[in-house]
There are 2 protein chains.
Amino acid sequence: MNKPETRIQKKNQSAILAAGLKVFSQYGFHGSTLDKIADEAGLSKPNMLYYFSSKDAIYKALLARLLESWLEPVTHIDPAGDPVEELVNYAKLKLTMSQHYPNESRLFANEIIQGAPQIGDVLRGELRTVIDQLAHVIDGWVSAGRIQPVDPYHLVFSIWSMTQHYADFDVQVRAILGDRDPMAGAEMHIENMLRRMLTPEP
Amino acid sequence: MNKPETRIQKKNQSAILAAGLKVFSQYGFHGSTLDKIADEAGLSKPNMLYYFSSKDAIYKALLARLLESWLEPVTHIDPAGDPVEELVNYAKLKLTMSQHYPNESRLFANEIIQGAPQIGDVLRGELRTVIDQLAHVIDGWVSAGRIQPVDPYHLVFSIWSMTQHYADFDVQVRAILGDRDPMAGAEMHIENMLRRMLTPEP
DNA sequence: TTTATATTTGACCAGTTGGTCAAAGTGAGG
DNA sequence: CCTCACTTTGACCAACTGGTCAAATATAAA
């Protein structure tokens, strides 16, 4: 089925995806041009189109790769683990991703803000399924009195929003914090927030 | 200095701004076209350019108007009031703004994600000043033991992110919640989160 | 070396976009 | 009714954009 990829194919495809990520995440889909991406990838435009048939194809390939790494960590939350630690760890992982892969986060944010024209169906399908399952786990923890009462869906939203904020709104964060490092305080704050929110009262 | 505006000028300028807001917030600056905006405003393209000299001018006018309504509520936080209530009320106000003016929120988000090319200086100037003052007030509350210890800057970030999330990521929120109304649960969750975070322990 | 295949490129194109301009139309005060 | 400033428009343009294509070049296997 899959034709064997040559060395050159591998190199160029990953160069194009890296360039596409950089450009798309900064300028959005419409603001990005094939010339800019090709230049960033170190290829001529026709040569780039030899590997990806269109601008859309590059964008879709990026989103597909992104969605995988987006959904995967959620499934690692262990229903049998300590609830507060599981959720705090998930939040910390998301924050680390915002720190190390801010362009991925911005690419995703751009897509969602503009109405998710490409991945709307995935959101309403896979994503919803995964989050429904997680919500069920969290509800179980609440029922067992292992965390304070909480709406599981909005809890997830608040974890996503607080962590992704540091990637998507990086410019604003840095404008306000000046020289101070955002991530140091961010991790402590978010952990604090979740612990005080969730830890059952004695 | 200011020439008196005619009835027609008022009507057309506000029509253009309304149309620009709608289009820019959905497609981003680059993805928006003058034709689309003019069409939405019910004017011909040259006629629209008679009132705003360029695409950039419309965008800048929108951002200027937006920044005002963005900064103003922060200054309403009363250092003499009850700390928890003041902060909870601010968060509720931001959430209400996300609910009633989602396009403004998305316009702002688009601008920030793309590196704030137009309003970077305002962020590092006015915004930072205002937030520095707020941070000072919050620090005072912490010192007085009226709220639990908290990093004031990251507290503000978390309020912004959690509330704006419901406007900027509306599509994702609705994809997950399905028919359920987002805002009902959102307000209660955010209020809960802040109260548990801030209310001093007895 | 030969050969078949994979890769790269310059020239090109049609559609779109932001913006211009001269000319025509409109409205309110005299 | 007249006038003069304000408003509106159709025709137009240069720059840019996504994408094509035939020809040239590099590569790997035989």
Side-chain angles (χ1 to χ4, degrees), chain A residues 1-64 107 110-111 114 117-118, chain B residues 1-64 107 110-111 114 117-118:
Chain A
M1 205 74 187
N2 283 341
K3 288 165 193 163
E5 286 185 347
T6 70
R7 174 179 50 86
I8 295 179
Q9 278 171 6
K10 248 179 210 167
K11 189 190 65 173
N12 283 345
Q13 278 174 9
S14 73
I16 292 169
L17 288 178
L21 174 63
K22 193 168 170 183
V23 175
F24 280 132
S25 66
Q26 184 173 356
Y27 302 101
F29 179 79
H30 296 287
S32 304
T33 67
L34 288 178
D35 286 297
K36 234 181 288 186
I37 299 173
D39 188 62
E40 181 76 31
L43 298 173
S44 68
K45 186 169 61 172
N47 195 12
M48 186 173 69
L49 287 167
Y50 173 73
Y51 293 99
F52 289 86
S53 59
S54 67
K55 182 183 179 183
D56 223 66
I58 303 174
Y59 186 69
K60 279 182 180 160
L62 279 169
L63 278 180
L107 183 76
N110 259 316
E111 166 73 7
Q114 309 204 358
Q118 303 291 338
Chain B
M1 206 71 187
N2 284 340
K3 290 164 192 164
E5 285 185 348
T6 70
R7 176 178 49 86
I8 295 180
Q9 278 170 6
K10 247 178 211 168
K11 190 191 65 174
N12 283 345
Q13 278 174 9
S14 73
I16 293 168
L17 287 178
L21 174 63
K22 193 168 170 182
V23 175
F24 280 133
S25 67
Q26 184 173 358
Y27 301 101
F29 179 78
H30 297 286
S32 303
T33 67
L34 288 178
D35 286 299
K36 234 182 288 186
I37 299 173
D39 188 61
E40 181 76 30
L43 298 173
S44 68
K45 186 168 61 172
N47 195 13
M48 185 173 70
L49 287 167
Y50 172 72
Y51 292 99
F52 289 86
S53 58
S54 67
K55 184 183 179 183
D56 222 66
I58 302 174
Y59 186 68
K60 279 182 180 160
L62 279 169
L63 278 181
L107 183 75
N110 259 315
E111 166 73 7
Q114 308 203 357
Q118 303 291 337

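Fair warning: this is a prediction, and the values are worked out from it, not measured in the lab. Per chain, numbering begins at 1; letters A, B, ... match sequence-line order.
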Starting at atom [atom1] of [X], determine the distance to atom [atom2] of [N], rounded to an integer number of angstrom.
X       : N      : atom1 : atom2 : value
B/Lys11 : D/dC6  : NZ    : P     : 17 Å
B/His30 : D/dC16 : NE2   : C1'   : 14 Å
B/Lys10 : D/dC6  : NZ    : P     : 16 Å
A/Phe29 : D/dT17 : CZ    : P     : 13 Å
B/Asn12 : D/dT8  : CG    : C1'   : 10 Å
A/Tyr27 : D/dT17 : OH    : P     : 12 Å
B/Ile58 : C/dT17 : CD1   : C1'   : 14 Å
A/Ile8  : C/dT9  : CD1   : P     : 12 Å

With no hydrogens and no angle check, is any side-chain donor or acceptor of A/Glu111 less than 3.5 Å from a backbone partner on A/Gln118?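 Flag set: sc A/Glu111 to bb A/Gln118 pair under 3.5 Å.
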When you compare the side chain of B/Thr33 with that of B/Tyr27, does any pair of heavy atoms fall below 4.5 Å?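 No, their side chains stay 4.5 Å or more apart.
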Are side-chain heavy atoms of A/Leu43 and A/Ile37 found at a separation under 4.5 Å?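 They are not in side-chain contact.
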Check this one for me: any side-chain N or O of B/Arg7 less than 4.0 Å away from OP1 or OP2 of C/dG27?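 Result: no.
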C/dA6 phosphate, OP1 or OP2, under 4.0 Å from A/Gln9 side-chain N/O: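 Checking A/Gln9 against C/dA6: no side-chain N or O falls below 4.0 Å of OP1 or OP2.
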Out of curiosity, A/Lys55 NZ to A/Leu34 CG, how far, rounded to the nearest 0.5 Å?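 Result: 6.5 Å between the selected atoms.
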Heavy-atom neighbours of A/Lys22 NZ exceed 12 at 6.0 Å: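 Open.
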Parallel, tilted or perpendicular, judged at 30° and 60°: which one describes the rings of A/Phe24 and A/Phe29?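 Taking A/Phe29 first and then A/Phe24, their aromatic rings lie parallel (interplane angle under 30°).
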Pull out every residue in residues 45-57 of chain B that has a heavy atom closer than 4.0 Å to any atom of DNA chain C, ordered by number, or say none.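 Heavy-atom cutoff 4.0 Å gives B/Lys45, B/Pro46, B/Leu49, B/Ser54, B/Lys55.
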